[in-house]
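Just so you know, these numbers come straight off a predicted model, no measurement behind them.
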Amino acid sequence: MDLRMEQVSEHVATFLKHTQVRFVPPTEVEAASLDALLLSAWEEARAQWPTVKLSLNQFVIHVAERLPKVSPDSPIAPLLKMLSLAELYLTCGCLQGLASAQEAFEKSYLAKLPGKLRGLRQPDAMIDDVCQITRVKLLVTTPESAPRIGEYSGRGALLSWVLVTAGRIANKLRAAEKPSSEDSAEEILKMLPGQGVDPELDVMKRRHHAEFRQAVHEAASTLSADERHLLRLHFADQLSTYELASLFRVNQSTVSRWLKSARQRVYEETRSRLQERLGLSTLGFKSFLAFIDSQLDLSISQILEEKG
């Protein structure tokens, strides 16, 4: 067997090792045919994405891991021909963190999203947010997970898959905008200490229900558009501080500081309004404010997560 045949056997063995199905070992002829198919697909993908440099081994493993689950005696070549192999090559590069692959992906796919979303009658005011979040979700590695671009299986066009992902994000954004500030205030009240824990505090909760709800509503309105946007991305859309840092091109400590400042604003404004309207004449009400001091930020976080 010459050197080329040794390489053929090596790549086929690597491919079969990483499939989800333990295929029946191919004959020598089938193995040679499979290797030729993989090599041809790799060369065609390199020609389509000349700036993206992936080894044949990286490409083979990526494709093998996304091959559909079928019977072990199924022929492999038809399965491969069903996949968009050149686009799997590009997404493999993105998953590997290659800047050239991510740039090609942004230019060839993400750049087309605004026009596609407008064609689907998505609100113009939301399109920028959707595109930004889609980019982060698909391309950014976090301590918790790999970029979601790795979920693309090659079954179907990559642009269609990206558009479906963006559509889901748009639906989530619209859903997050429906609850009003008053609804959130209502939920915050429910999360305060329950009945029987402190009878006087219970009285304060019931008596000042409307005032508290209005205070939270007014406090939220003092936030800037950027602060509301940041809180929505973090809590409703569940972008981590790591992802937000990548999105806004700052470090995590800066994002954490922004989030803390916005939450603190809600607390301070709520407390100020309650002090002005209701005073601090009883120990029970002082306890009420102390609870707000320690729990309001956490409550708002939990509520926004639930509303996402």
Side-chain angles (χ1 to χ4, degrees), residues 1-112 134-135 137-141 145-165:
M1 183 179 293
D2 61 20
L3 179 61
R4 181 172 176 77
M5 286 304 295
E6 288 181 357
Q7 291 174 339
V8 165
S9 299
E10 177 185 344
H11 292 309
V12 169
T14 298
F15 178 85
L16 294 174
K17 179 181 178 181
H18 287 86
T19 56
Q20 301 179 75
V21 177
R22 296 280 72 87
F23 286 97
V24 174
T27 65
E28 184 176 341
V29 172
E30 290 172 337
S33 176
L34 175 57
D35 184 81
L37 179 58
L38 290 169
L39 181 61
S40 174
W42 176 66
E43 290 175 341
E44 289 175 7
R46 291 176 69 196
Q48 183 169 336
W49 311 108
T51 63
V52 181
K53 307 299 182 183
L54 279 179
S55 69
L56 176 56
N57 196 58
Q58 288 174 310
F59 175 64
V60 163
I61 292 173
H62 187 80
V63 172
E65 290 174 344
R66 286 152 185 82
L67 204 67
K69 289 184 178 180
V70 294
S71 172
D73 59 356
S74 298
I76 297 174
L79 296 175
L80 285 173
K81 292 176 181 178
M82 292 170 55
L83 303 181
S84 181
L85 296 173
E87 292 183 314
L88 280 174
Y89 180 93
L90 178 63
T91 58
C92 178
C94 291
L95 199 60
Q96 295 289 332
L98 299 181
S100 58
Q102 294 184 355
E103 289 170 5
F105 179 71
E106 293 202 34
K107 180 179 179 180
S108 298
Y109 297 92
L110 294 181
K112 296 177 181 178
T134 300
R135 179 191 179 280
K137 291 295 186 184
L138 294 184
L139 296 180
V140 175
T141 301
S145 64
R148 292 188 185 177
I149 193 72
E151 296 174 11
Y152 174 64
S153 66
R155 282 167 267 179
L158 179 56
L159 182 58
S160 297
W161 182 84
V162 171
L163 188 57
V164 168
T165 302

From [X] [atom1] over to [Y] [atom2], what is the distance, rounded to the nearest 0.5 angstrom?
X      : Y      : atom1 : atom2 : answer
Gln102 : Leu110 : CD    : CG    : 10.0 Å
His62  : Phe15  : NE2   : CZ    : 12.0 Å
Asn57  : Thr14  : CG    : OG1   : 5.0 Å
Ser33  : Leu38  : OG    : CG    : 9.5 Å
Leu158 : Leu88  : CG    : CG    : 8.5 Å
Phe23  : Ser71  : CZ    : OG    : 8.5 Å

Please report the closest heavy-atom contact between [X] and [Y], naming both atoms and the distance.
X      : Y      : result
Ala45  : Ala86  : CB-CA, 3.9 Å
Pro50  : Ala47  : CD-O, 3.5 Å
Arg155 : Arg66  : NH2-O, 3.8 Å
Ser84  : Gly156 : CB-O, 4.1 Å
Arg22  : Lys17  : NH2-O, 3.1 Å
Leu83  : Val63  : CD1-CG1, 4.4 Å

Would you mind telling me which of Tyr109, Tyr152, Phe105 makes a side chain to side chain contact (heavy atoms under 4.5 Å, CB included) with Leu138?
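For Leu138, the side chain to side chain contact (heavy atoms under 4.5 Å, CB included) test succeeds with only one of Tyr109, Tyr152, Phe105, which is Phe105.
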Can you find a pair of side-chain heavy atoms, one from [X] and one from [Y], that are under 4.5 Å apart?
X     : Y     : answer
Leu39 : His11 : no
Gln96 : Leu54 : yes
Thr19 : Glu65 : no
Val21 : Ser74 : no
Tyr89 : Glu44 : no

Test log, rule side-chain contact (heavy atoms from CB on, under 4.5 Å), inputs Leu85 and Phe59
CA-CA 9 Å; Leu85 296 173; Phe59 175 64; 4.2 Å; yes
Start with the C-alpha distance between Arg148 and Thr165, add both sets of side-chain angles, then the distance that settles side-chain contact (heavy atoms from CB on, under 4.5 Å), and finish with yes or no.
CA-CA 10 Å; Arg148 292 188 185 177; Thr165 302; over 6 Å; no
Is there a donor-acceptor pair closer than 3.5 Å between any side-chain N or O of Gln20 and the backbone N or O of Pro68?
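A pair under 3.5 Å: no.
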Checking Thr91 side chain against Glu87 main chain: does a donor-acceptor pair fall under 3.5 Å?
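A pair under 3.5 Å: yes.
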